[in-house]
Amino acid sequence: VLEAMAAGAIPMTSNEAFRAYFGAYADRLIFRYGDFRDLTSKIEALSKVLDLALIGQYLQGVARERADVSKLIADISARL
């Protein structure tokens with residue numbers, strides 16, 4: 001999921017751990033585990049969204065800010 005976000009793609013997942021990463025888009029991108037109807041519904045709804053590029057850019061920024069390895073290494077080093 002993080003790799004997709006970093007690439008500017010829009011991932012969908014049933015993993016609630018990504019709710020904080022998805023921010024305001026979480027309800028659109030997280031489907032109920034094992035519920036193909038919920039996933040289908042969310043894919044259909046997302047296909048009608050006009051601001052897909054904006055969502056992709058937002059998620060890409062979040063991935064860079066929160067999961068960039070070089071930043072994580074710097075943060076860890078600073079705390080040691």
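Hydrogens, waters and symmetry mates are skipped; everything else that's a heavy atom, side chains included, is used. These numbers come from a predicted model, not from an experiment.
Identified under the ring-ring contact (aromatic ring centres under 6.0 Å, His included) test for residues 61-80, with sequence neighbours left out: none. For the side-chain hydrogen bond (donor to acceptor under 3.5 Å, both in side chains) condition, no pair includes a residue of residues 45-61, sequence neighbours left out. Residue pairs meeting the ring-ring contact (aromatic ring centres under 6.0 Å, His included) criterion with at least one partner in residues 60-80, sequence neighbours excluded, do not occur; the list is empty.
Across Asp27 and Lys42, no two heavy atoms sit closer than the pair O-NZ, 2.5 Å.
In the hydrophobic clustering, where aliphatic and aromatic side chains (Ile, Leu, Val, Met, Phe, Trp, Tyr) are joined below 4.5 Å either directly or transitively, Leu80 groups with Ile76.
Shown here are the side-chain contact (heavy atoms from CB on, under 4.5 Å) partners of Arg66, two or more places apart in sequence or in another chain: Ala20, Tyr21, Val62.
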Got a list of side-chain donor-acceptor pairs under 3.5 Å for residues 30-41, not counting sequence neighbours?
residue : atom : partner : partner atom : Å
Arg32   : NE   : Asp35   : OD2          : 3.1
Arg32   : NH2  : Asp35   : OD2          : 3.0
Asp35   : OD1  : Arg37   : N            : 3.1
Asp35   : OD1  : Asp38   : N            : 3.0
Asp38   : OD2  : Arg32   : N            : 2.7
Thr40   : OG1  : Phe36   : O            : 2.7

For residues 6-17, which side-chain donor-acceptor pairs fall under 3.5 Å, sequence neighbours excluded?
residue : atom : partner : partner atom : Å
Thr13   : OG1  : Asn15   : N            : 3.0
Asn15   : OD1  : Ala17   : N            : 2.8
Glu16   : OE1  : Arg19   : NE           : 2.7
Glu16   : OE1  : Arg19   : NH2          : 3.3
Glu16   : OE2  : Arg19   : NH2          : 3.4

